[in-house]
J.: 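First, the structure itself, so that you have it in front of you.
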Protein chains: 2
Amino acid sequence: MARRSATAAAVCEELSLSYVESPTRCGTCAIRHKAICAALCADEISALNRLSRRRSVPAGQTILGEGEAHTIFANIVSGVVKLTKTLDDGRQHIIGLLFASDFLGRAFRRDNPYFAEAATDVELCIFPAAGFEKLLPDHPGLEHRLFQFTLSELDACQEWMLLLARKRAEERVASFLLMIAKRVPNMDCLHTENPGGVRFQLPLSRAEISDCLGLTIETVSRQMTRLKTKGVIELVNYREIVIPDIRALQQAAYEASPA
Amino acid sequence: MARRSATAAAVCEELSLSYVESPTRCGTCAIRHKAICAALCADEISALNRLSRRRSVPAGQTILGEGEAHTIFANIVSGVVKLTKTLDDGRQHIIGLLFASDFLGRAFRRDNPYFAEAATDVELCIFPAAGFEKLLPDHPGLEHRLFQFTLSELDACQEWMLLLARKRAEERVASFLLMIAKRVPNMDCLHTENPGGVRFQLPLSRAEISDCLGLTIETVSRQMTRLKTKGVIELVNYREIVIPDIRALQQAAYEASPA
DNA sequence: CGAATTGTTGAATATTCTCAACAGAGGTGG
DNA sequence: CCACCTCTGTTGAGAATATTCAACAATTCG
């Protein structure tokens with residue numbers, strides 16, 4: 001299985017000059033009421049605000065290296081971040097996707113257990129690791145909120161395990177599209193919803209989708225074609241799809257004909 | 001794929017008379033310094049103590065039903081609990097195993113997202129859900145400890161996803177045996193370690209192992225035989241195995257010959 | 001001891017992967 | 001503006017891995 005992996009060099013050029021940085025203003029922030037920031041008191045928000053910096057990260061850029069000490073935590077303001085794990089021989093898997101208002105970073109652990117990379121252009125609200133972890137013990141509300149996020153992440157992860165363990169290729173692809181369709185309204189990608197269906201852009205390439213689903217590029221491609229042939233989806237172009245009837249896709253997500 | 005599932009009836013007979021109940025004495029508890037109880041102050045321990053009840057659960061018995069409102073949380077004192085998720089058509093997967101000192105229950109959520117069943121005879125330290133969740137806001141130390149457990153569970157879950165997505169059958173079985181071998185000293189199962197290797201009992205049947213690994217019973221059986229033939233493991237009987245050299249097993253866990 | 005359960009093995013089948021060729025989209029430079 | 005190149009995605013043929021179905025062996029329980 002040929003693997004597409006970022007170079008080691010790329011992993012190290014963290015926080016490089018290509019980032020655009022600006023001061024944070026929580027009052028006008030798009031995710032103020034959805035991210036960990038929601039449910040925080042004025043006191044906690046201002047403590048966070050003092051720590052934070054806004055940053056733009058272009059698609060493809062590394063945010064956190066696997067196994068490295070992590071230097072930052074971050075809220076995803078817009079765009080999609082992918083979290084990847086890699087086997088020594090290069091086989092890899094995307095263990096999670098982060099969308100707008102999700103939180104990036106593994107608290108209470110020195111080394112980061114995965115590799116985080118911008119899948120699309122991404123806007124981040126960054127907290128230096130040291131400062132953020134110092135904040136936690138004094139602000140139980142903040143830690144509680146992080147705990148909630150972690151529990152949801154665990155739920156999603158367990159759900160995804162069932163997909164990897166027991167679903168066939170077509171069901172996996174359908175499930176993936178469904179998952180994206182649910183999250184896409186939160187993304188800054190194109191998204192239209194009307195009686196005729198839902199239309200949006202995929203934030204990931206075929207290679208990345210295959211790394212989400214434990215399949216090969218070719219299998220993903222074939223199953224996309226198959227769903228298209230069945231009329232479950234329409235392909236506007238490689239990155240843009242239309243779902244005429246969500247229910248048909250839901251059915252494909254776990255009742256794919258074995259033949 | 002034929003599925004082996006507990007009857008709906010079994011799911012409902014929670015907390016039945018077959019449980020043996022006794023008062024809790026934290027002072028003499030085997031997991032006092034490893035479970036969520038470690039790192040708790042005297043005040044918190046006594047609050048927990050008042051809530052808790054000891055209970056024995058025989059192998060095969062349901063502890064929590066999938067989708068049901070959960071009535072209890074629990075520490076695993078001894079034995080192994082399996083957490084299962086099921087697709088409508090019966091395909092299922094074991095999303096997690098709990099060993100001595102692990103914590104059972106999904107806080108802050110009304111319905112339980114998985115089905116929990118005793119894989120071996122199990123000793124539990126049970127907390128009624130209502131009382132336990134009322135305790136949390138007032139005892140940040142307890143919530144913090146739970147958070148740590150949840151983060152570790154998430155780490156393990158993400159690691160397992162990589163196995164399901166990218167490892168071949170032989171590697172999966174080897175990884176499973178390795179995981180059990182690491183946890184087994186905490187279990188009340190037979191376990192001997194000496195220069196010659198490690199010897200222990202498997203807490204799961206072949207069917208359960210296949211549900212952990214996203215394989216069929218037959219494939220698990222074949223790969224076990226294959227590892228035996230290679231000399232990586234020895235089978236004393238179906239449930240009891242010897243690992244002469246852990247490193248050979250580690251190698252098999254992610255370098256299995258593709259041929 | 002016999003029945004039921006659990007585990008193993010074999011043969012045929014199915015799904016997915018690998019390798020290879022090709023097609024479409026996007027970018028560059030003459 | 002078009003030829004050319006690269007990158008990404010699709011499609012086909014053959015191979016490999018795991019599944020299914022079936023028979024049989026070992027173990028457990030009554």
Side-chain angles (χ1 to χ4, degrees), chain A residues 1-4 6 59-60 89-93 119-120 163-174 176-177 201-229 233 235-241 256-259, chain B residues 1-6 58-60 89-93 119-120 163-174 176 201-229 233-241 256-259:
Chain A
M1 187 177 304
R3 280 303 99 188
R4 312 148 297 282
D89 63 358
R91 284 177 288 179
Q92 64 180 7
H93 180 62
T120 64
L163 173 147
L164 293 171
R166 293 302 182 199
K167 288 191 181 178
R168 34 188 82 265
E170 186 179 339
E171 293 170 306
R172 292 189 202 190
V173 172
F176 172 82
L177 295 175
Q201 280 199 329
L202 294 173
L204 303 186
S205 69
R206 297 291 187 273
E208 290 168 321
I209 295 173
S210 71
D211 275 339
C212 273
L213 298 175
L215 300 169
T216 57
I217 300 176
E218 295 92 331
T219 301
V220 170
S221 179
R222 276 185 248 272
Q223 299 307 331
M224 294 278 271
T225 305
R226 196 168 158 169
L227 288 171
K228 188 177 71 176
T229 308
I233 61 172
L235 291 174
V236 181
N237 58 47
Y238 293 157
R239 284 282 188 146
E240 199 168 335
I241 79 165
S257 42
Chain B
M1 190 178 301
R3 281 301 96 191
R4 311 149 297 283
S5 62
D89 63 358
R91 285 178 285 179
Q92 64 180 7
H93 180 63
T120 64
L163 174 147
L164 294 171
R166 293 302 182 199
K167 288 191 182 179
R168 35 188 82 265
E170 187 181 340
E171 295 170 304
R172 292 190 202 189
V173 172
F176 172 82
Q201 280 200 331
L202 294 173
L204 303 186
S205 69
R206 296 292 187 274
E208 291 168 321
I209 295 173
S210 71
D211 276 339
C212 274
L213 298 175
L215 300 169
T216 57
I217 300 176
E218 294 92 329
T219 301
V220 169
S221 179
R222 277 185 248 273
Q223 299 306 333
M224 294 278 270
T225 305
R226 197 168 157 170
L227 288 171
K228 188 176 73 176
T229 308
I233 61 172
E234 291 159 30
L235 291 174
V236 181
N237 58 49
Y238 292 157
R239 284 283 186 143
E240 197 168 336
I241 79 165
S257 41

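Each chain gets a letter, A, B and so on, in the order its sequence line appears, and its residues count up from 1.
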J.: Does the base of dG12(D) carry an N or O that pairs as donor and acceptor with the side chain of R222(A) under 3.5 Å?
T.: yes
J.: I need the CD-P distance between E170(B) and dA18(D), as an integer number of Å.
T.: 9 Å
J.: Base, sugar-phosphate or nothing for S205(A)? Non-hydrogen atoms, less than 4.0 Å.
T.: sugar-phosphate
J.: Rounded to the nearest angstrom, tell me the gap between atom CZ in R239(A) and atom C1' in dG24(C).
T.: 15 Å
J.: Test E170(A) against R226(A) for side-chain contact (heavy atoms from CB on, under 4.5 Å), laying out the working first.
T.: CA-CA 8 Å; E170(A) 186 179 339; R226(A) 196 168 158 169; 3.1 Å; yes
J.: Rounded to the nearest angstrom, tell me the gap between atom CD in E171(A) and atom P in dT16(C).
T.: 9 Å
J.: Does any N or O donor sit under 3.5 Å from an N or O acceptor when you compare the side chain of R226(B) with the base of dT9(C)?
T.: no
J.: Expressed in angstrom and rounded to an integer, what is the separation of L235(B) atom CG from dT6(C) atom P?
T.: 18 Å
J.: Roughly how far, to the nearest 0.5 Å, is CZ of R206(B) from CG of D211(B)?
T.: 14.0 Å
J.: OP1 or OP2 of dT10(D) versus the side-chain N and O atoms of R206(A): is any pair under 4.0 Å?
T.: yes
J.: Would you mind telling me which residue lines up with the more 5' stretch of DNA chain C, A169(A) or Y238(A), judged by nearest nucleotide?
T.: A169(A)
J.: Indicate yes or no: does K228(B) engage E234(B) in a salt bridge with an N to O separation below 4.0 Å.
T.: no
J.: I217(A) CD1 to dG24(C) C1': how many Å, rounded?
T.: 16 Å
J.: Any side-chain N or O of T216(B) less than 4.0 Å from the OP1 or OP2 oxygen of dT19(D)?
T.: yes
J.: Measure from the side-chain N and O atoms of R172(B) to the backbone N and O of K167(B), and report whether any donor-acceptor pair falls under 3.5 Å.
T.: yes
J.: Mapping Q223(B) and E218(B) to their closest nucleotides on DNA chain D, which lands nearer the 5' end?
T.: Q223(B)
J.: Mind calculating the distance between CG (L227(B)) and C1' (dT8(C)) to the nearest angstrom?
T.: 15 Å
J.: If you only use heavy atoms from C-beta on, which nucleotide in dG7(C), dT10(D), dC17(C) is closest to the side chain of S221(A)?
T.: dT10(D)
J.: Between R91(B) and E171(A) (salt bridge meaning N to carboxylate O under 4.0 Å), is one present in this structure?
T.: yes
J.: Expressed as a whole number of angstroms, how long is the span from M224(B):CE to dA26(D):P?
T.: 17 Å
J.: Do the side-chain N or O atoms of T219(A) get closer than 4.0 angstrom to the phosphate oxygens (OP1, OP2) of dC17(C)?
T.: yes
J.: Specify the separation, in whole Å, of atom CG of N237(B) and atom C1' of dA26(D).
T.: 11 Å
